[in-house]
Amino acid sequence: MNSKKYLINEAERMFLYEFISLEEISNRLHLNRKTVMDWKEKYGWEKRKVDFLKSKQCFHEELYEFARKLMKDISIDLDNGEKVDPGRMYAFCRIIPMFTKVKDYEDIVAKKEKKETQKGLTPELIAQIEEEVLGITQNNDNEKE
């Protein structure tokens, strides 16, 4: 993998999964902020980040629904006087404590998302205004493209 591909992948990973700002990504990878902003737009990082967060936040609902179905099947067996499969009972008992852990994780992710949302002018927006409106370009000797 060439160095540009590596930097794009690393910047994307930092933005999507570590919730690091574009400013911090550009500093850590020694890139121009505009370069990172361009990559974000070109590769659709914002949409991918939203999709990632939705997939994580919906897991507790899926887990809850699975546990409900399992509990319903076990209840039907008990009502009919049938023997309950020990594997299903064990699975149900192991799922119950996971609800709080999954919910806590999702709450942490949601808090990180709220912290990430800044009001007003962000450094990325200021750099974009400087370049597009004022014609001021950020020259970074360490830029690797």
Side-chain angles (χ1 to χ4, degrees), residues 1-78 84-145:
M1 180 183 307
N2 66 28
S3 116
K4 182 177 178 180
K5 284 263 191 214
Y6 170 77
L7 289 172
I8 292 170
N9 290 338
E10 186 65 14
E12 180 180 35
R13 183 190 62 76
M14 294 167 98
F15 181 79
L16 293 178
Y17 306 116
E18 295 182 22
F19 306 101
I20 298 175
S21 69
L22 297 179
E23 173 85 18
E24 181 63 23
I25 292 169
S26 65
N27 289 337
R28 287 187 188 182
L29 298 178
H30 307 290
L31 295 167
N32 188 308
R33 286 184 302 194
K34 178 72 169 119
T35 300
V36 178
M37 285 189 298
D38 289 345
W39 290 347
K40 177 187 166 201
E41 295 302 316
K42 181 177 180 181
Y43 298 109
W45 292 356
E46 197 64 47
K47 182 184 179 331
R48 294 186 62 205
K49 185 175 186 176
V50 168
D51 292 344
F52 171 73
L53 289 172
K54 283 181 183 176
S55 73
K56 292 297 179 193
Q57 291 174 346
C58 294
F59 181 70
H60 83 276
E61 294 170 2
E62 292 175 16
L63 184 63
Y64 178 74
E65 186 62 31
F66 176 74
R68 283 179 54 123
K69 288 178 182 177
L70 190 56
M71 183 178 69
K72 184 178 178 181
D73 287 345
I74 291 170
S75 295
I76 290 171
D77 286 351
L78 288 173
V84 177
D85 178 33
R88 288 191 303 157
M89 187 61 86
Y90 177 77
F92 180 73
C93 291
R94 297 289 294 174
I95 287 173
I96 298 301
M98 289 184 198
F99 287 128
T100 55
K101 290 179 183 178
V102 171
K103 186 64 176 143
D104 289 344
Y105 170 77
E106 291 171 355
D107 291 343
I108 290 169
V109 170
K111 284 179 185 176
K112 282 185 180 179
E113 174 64 15
K114 287 180 183 176
K115 286 180 185 176
E116 182 71 20
T117 305
Q118 298 177 359
K119 294 184 179 180
L121 296 174
T122 63
E124 293 84 14
L125 185 57
I126 291 171
Q128 187 176 3
I129 292 170
E130 287 175 346
E131 184 158 328
E132 293 177 5
V133 177
L134 301 174
I136 301 171
T137 57
Q138 297 287 329
N139 293 329
N140 187 345
D141 295 336
N142 295 331
E143 180 175 339
K144 299 174 185 173
E145 260 194 88

Undergrad: With rounding to the nearest 0.5 Å, note down the distance linking CG in L29 to OG1 in T35.
TA: 11.0 Å
Undergrad: Just to verify, what does N27 make a side chain to side chain donor-acceptor pair (under 3.5 Å) with, not counting sequence neighbours?
TA: none
Undergrad: Distance check, rounded to the nearest 0.5 Å: E18 atom CD versus I25 atom CD1?
TA: 8.5 Å
Undergrad: Does the pair L7 and W39 meet the rule for a side chain to side chain contact (heavy atoms under 4.5 Å, CB included), with working shown?
TA: CA-CA 10 Å; L7 289 172; W39 290 347; 3.9 Å; yes
Undergrad: Mind checking whether F52 and F19 have parallel, tilted or perpendicular rings, split at 30° and 60°?
TA: tilted
Undergrad: Using a strict cut-off of less than 4.0 Å between a Lys/Arg side-chain nitrogen and an Asp/Glu carboxylate oxygen, indicate whether E10 and R13 qualify as a salt bridge.
TA: yes
Undergrad: Any chance you could lay out the side chain to side chain contact (heavy atoms under 4.5 Å, CB included) test for V84 and L78, step after step, and finish with the verdict?
TA: CA-CA 7 Å; V84 177; L78 288 173; 3.5 Å; yes
Undergrad: Please say which of K40, K42, K34 ends up in a side chain to side chain donor-acceptor pair (under 3.5 Å) with D38.
TA: K34
Undergrad: List in chain and number order the residues that pass salt bridge (Lys or Arg N to Asp or Glu O under 4.0 Å) with R28, two or more places apart in sequence or in another chain; answer none if no residue qualifies.
TA: E24
Undergrad: I need the N9 CG to Y43 OH distance, nearest 0.5 Å.
TA: 9.0 Å
Undergrad: Can you tell me how far CD1 of I74 sits from CE of M89, rounded to the nearest 0.5 angstrom?
TA: 4.5 Å
Undergrad: Before you tell me yes or no, could you show the steps for R33 and L22 under side chain to side chain contact (heavy atoms under 4.5 Å, CB included), namely the whole-Å CA-CA distance, both residues' side-chain angles and the distance that decides it to 0.1 Å?
TA: CA-CA 7 Å; R33 286 184 302 194; L22 297 179; over 6 Å; no
Undergrad: Got a salt bridge between D73 and K69, using NZ or NE/NH1/NH2 to carboxylate O under 4.0 Å?
TA: no
Undergrad: From D51 CG over to K49 NZ, what is the distance, rounded to the nearest 0.5 angstrom?
TA: 12.5 Å
Undergrad: Looking at OG of S21 and CE of M14, how far apart are the two atoms once the value is rounded to the nearest 0.5 Å?
TA: 9.5 Å
